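Just so we're on the same page: letters track the sequence lines, and every chain starts at 1. This is a predicted model, so every value here is computed, not measured. Below, all heavy atoms of this structure are taken into account, side chains as well, without hydrogens, waters or symmetry copies.
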2 protein chains.
Amino acid sequence: MTLTELRYIVAVARERHFGKAAKACHVSQPTLSVAIKKLEEELGVSIFERGSNEVSLSPVGERIVQQAQQALEAADNVKQVALHGKNQLAGPLRIGAIYTIGPYLYPELIPQLRKSAPEMPLVVEENYTSVLTEKLKQGELDIIVIALPYAEQSIVTQPLYDEPFVVLLPASHPLTARKSISSVHLEDENVLLLGRGHCFRDHVLEACPACIPKPGLIGDLPHTIEGSSLETIRHMVVSGLGITVLPCTAAGAHSYSQRLLTIRRFSSPIPHRTVALAWRASFPRPKVIDVINTAIRGCNLSCVKYVRGRK
Amino acid sequence: MTLTELRYIVAVARERHFGKAAKACHVSQPTLSVAIKKLEEELGVSIFERGSNEVSLSPVGERIVQQAQQALEAADNVKQVALHGKNQLAGPLRIGAIYTIGPYLYPELIPQLRKSAPEMPLVVEENYTSVLTEKLKQGELDIIVIALPYAEQSIVTQPLYDEPFVVLLPASHPLTARKSISSVHLEDENVLLLGRGHCFRDHVLEACPACIPKPGLIGDLPHTIEGSSLETIRHMVVSGLGITVLPCTAAGAHSYSQRLLTIRRFSSPIPHRTVALAWRASFPRPKVIDVINTAIRGCNLSCVKYVRGRK
DNA sequence: TGACATGGATTGAATTAAGCTATGGACAAG
DNA sequence: CTTGTCCATAGCTTAATTCAATCCATGTCA
């Protein structure tokens with residue numbers, strides 16, 4: 001078995017066409033055909049099913065190609081390691097965070113990283129968990145910050161901190177009279193939610209099942225209003241459209257004074273989420289993980305509880 | 001770059017000797033020397049430092065070899081996938097658990113797995129976290145059950161359940177009068193601990209810092225008695241040597257009647273541990289993980305709280 | 001139905017890479 | 001100064017890879 005053969009089967013699996021795959025690999029079609037046949041004989045299974053007018057993957061082939069991709073990635077990483085020399089903290093790092101973390105973590109994290117790894121330029125992105133996951137797996141991102149639970153094949157995760165949720169109220173709201181708020185108090189309130197796809201939306205609904213949006217209108221407005229970001233929701237809370245639930249790191253960073261907005265904590269059991277790092281298991285720069293881990297723990301996120309560190 | 005070259009550098013890194021490495025690879029010494037030189041030229045770095053009387057790894061070389069090992073493992077897995085054919089649930093699985101989980105989980109888990117994956121013979125082991133980790137990394141185990149926190153390079157973890165701790169008392173003990181017990185109640189008690197190396201020992205000490213063992217003797221016995229397993233500790237509790245803290249799954253499975261032993265829950269905050277699966281990120285049988293996950297969730301562990309599943 | 005197009009398999013020659021034996025050269029020990 | 005160790009180099013052989021040319025099965029359309 002050679003890396004070349006693995007490249008060939010990955011190409012055919014991608015192109016679904018021997019000729020095109022051969023072109024993509026810069027070899028002739030017979031070369032590729034022979035190489036694949038040789039590999040199939042060595043492995044004792046047929047990877048592709050040559051139909052009359054199409055090439056498809058056999059069930060085993062599917063998994064073989066997946067595994068081959070991993071092997072190729074690992075081999076590529078050998079080159080990367082050699083390229084970047086001994087300093088893992090040199091060279092760019094592509095980092096992603098979900099929408100409900102990025103805006104509140106990055107302003108703390110990035111200055112920290114500039115200090116601890118000045119030779120590591122950062123490419124930074126915000127997106128949904130699903131998009132970040134895809135980009136991470138495709139190698140378009142190196143490390144992402146998401147909320148647990150999170151389990152993906154060949155992705156390593158590392159919990160960072162537990163983040164309690166808080167309630168954001170207009171200052172004039174009756175609930176501001178309470179010192180802490182239970183999820184039952186939210187049942188009759190108009191709780192503004194993020195749109196579908198935001199995992200924080202699901203976290204809130206889990207903590208407050210009664211907040212599940214109902215179809216229909218109240219006056220001109222839909223029964224439940226969905227915001228496209230925590231900041232738009234904050235504006236709507238100010239404007240009196242309703243109240244909302246925020247992760248605590250998002251509670252402080254805003255431009256409204258206490259005369260307009262009030263924050264109240266939850267009474268026990270306090271709903272919360274666990275924020276974690278995730279990276280490809282094959283990511284070849286362990287020190288980068290350590291540095292980011294340390295940097296986040298060094299961030300001034302006063303309301304969170306850091307998870308005990310890596311051993 | 002070829003897999004053969006990677007095998008060569010891994011061998012030299014292991015043997016620290018070109019000649020011996022060549023023998024281990026079943027090739028002549030010049031073959032190996034040339035191949036390594038070629039790879040070093042391709043990568044543009046020198047992997048080994050040829051000293052007068054010894055071969056050592058350069059700093060970059062160290063990481064290159066590590067990465068090479070990963071690539072070789074991934075390539076091996078291609079063969080494994082082909083070998084076991086389309087059925088990931090066929091072929092033996094080597095599973096490990098720490099001492100404080102295995103005896104209580106296996107009797108539930110193994111019959112479950114026999115049902116859901118009858119063609120998968122199980123090789124089962126119990127050991128300390130550190131030993132299991134080493135065996136997992138070396139490929140001597142496929143999947144292990146440990147307690148969080150757990151973070152190892154290129155190991156994937158998946159939380160399974162939260163397990164509250166309980167207090168085990170002789171039936172005649174004054175604390176049996178209480179419905180629930182707080183850690184402060186343990187301060188003046190003789191709390192029997194597991195020996196060093198058991199992570200559960202550390203969990204107990206974290207929940208009850210006052211229980212940290214003090215040197216010295218009480219009469220003939222050491223001030224703090226350490227047991228080699230939860231079962232030996234249970235015997236000692238029966239015999240009146242002291243009380244102990246157990247994970248709740250270990251509380252029920254014993255041969256003593258309620259007339260001798262009493263179990264009491266903790267009052268809030270209830271100390272607990274999170275039990276998780278861990279496997280090499282390169283482990284090529286994702287369905288096996290799913291099946292074990294499902295099997296454990298199907299176990300009759302009434303006292304635990306299962307963590308939300310994989311998405 | 002038959003000419004043609006498509007797409008993978010086969011063939012055989014040319015090239016390249018990987019392997020071996022023999023030898024060279026640096027270094028340390030005696 | 002000799003000897004032994006150990007990695008590097010040279011020259012040769014053999015095996016593997018690649019390509020162009022060709023074959024063959026299948027599907028399309030007049």
Inset, instruction - Check every atom of D:dC7, D:dT9, D:dT18 against the side chain of B:V55 and return the nucleotide holding the closest atom. - result: D:dC7

Legend entry - Minimum-distance nucleotide to A:F18 side chain [options: C:dG19, C:dA9, C:dA18]: C:dA9

Legend entry - N/O (side chain, B:S28) to phosphate O (OP1/OP2, C:dG19) under 4.0 Å: no

Inset, instruction - Determine: side-chain N/O of B:K37 to OP1/OP2 of D:dT9, distance under 4.0 Å, yes or no. - result: yes

Legend entry - Spacing of B:M1 atom CE relative to C:dA17 atom P, expressed in whole Å: 16 Å

Inset, instruction - Answer yes or no: does a side-chain N or O of B:T31 lie under 4.0 Å from OP1 or OP2 of C:dA18? - result: no

Legend entry - Interatomic distance where CG belongs to A:L32 and P belongs to D:dA20 [whole Å]: 14 Å

Legend entry - Between C1' of C:dA17 and CG of B:L39, the distance in whole Å: 15 Å

Legend entry - More than 12 heavy atoms of other groups within 6.0 Å of A:K137 NZ: yes

Legend entry - Distance, rounded to the nearest Å, where B:I36 contributes CD1 and D:dC7 contributes P: 10 Å

Inset, instruction - Check whether any side-chain heavy atom of B:M120 sits under 4.5 Å from a side-chain heavy atom of B:L122, and report yes or no. - result: yes

Legend entry - Test item: side-chain donor near acceptor, A:S130 and A:T133, under 3.5 Å: no

Legend entry - B:S33 side chain, from C-beta outward: closest of C:dG19, D:dC19, D:dA8: D:dA8

Inset, instruction - Assess the side chains of B:Q29 and B:S33: does a donor N or O sit below 3.5 Å from an acceptor N or O? - result: yes

Legend entry - Selection from D:dT17, C:dA9, D:dC7 that lies nearest to any side-chain heavy atom of A:K38: D:dT17

Inset, instruction - Using only side-chain N and O atoms of B:K20, determine if any of them is under 4.0 Å from OP1 or OP2 of D:dC6. - result: no

Inset, instruction - Measure from NZ on B:K23 to C1' on D:dC7 and round the result to the nearest Å. - result: 15 Å

Inset, instruction - Consider the side chain of B:P30, meaning its heavy atoms from C-beta on, and name the nucleotide among C:dG19, C:dT21, C:dA9 that approaches it most closely. - result: C:dT21

Inset, instruction - Return no unless some side-chain N or O of B:R50 is found under 4.0 Å from OP1 or OP2 of D:dA8. - result: yes

Legend entry - Distance below 4.0 Å between B:Y8 side-chain N/O and C:dG19 OP1 or OP2: yes

Inset, instruction - Mind calculating the distance between NE2 (B:H26) and C1' (C:dA18) to the nearest angstrom? - result: 17 Å

Inset, instruction - Scan side-chain atoms only and decide if B:E73 and B:S282 contain a donor-acceptor pair under the 3.5 Å cut-off. - result: yes

Legend entry - Short side-chain N/O contact from B:H17 to OP1 or OP2 of D:dC7, under 4.0 Å: yes

Inset, instruction - Would you kindly give the CD-to-P distance between B:Q29 and C:dT23, to the nearest whole Å? - result: 15 Å

Legend entry - For atom CZ of A:R16 and atom C1' of C:dG8, their distance in whole Å: 16 Å

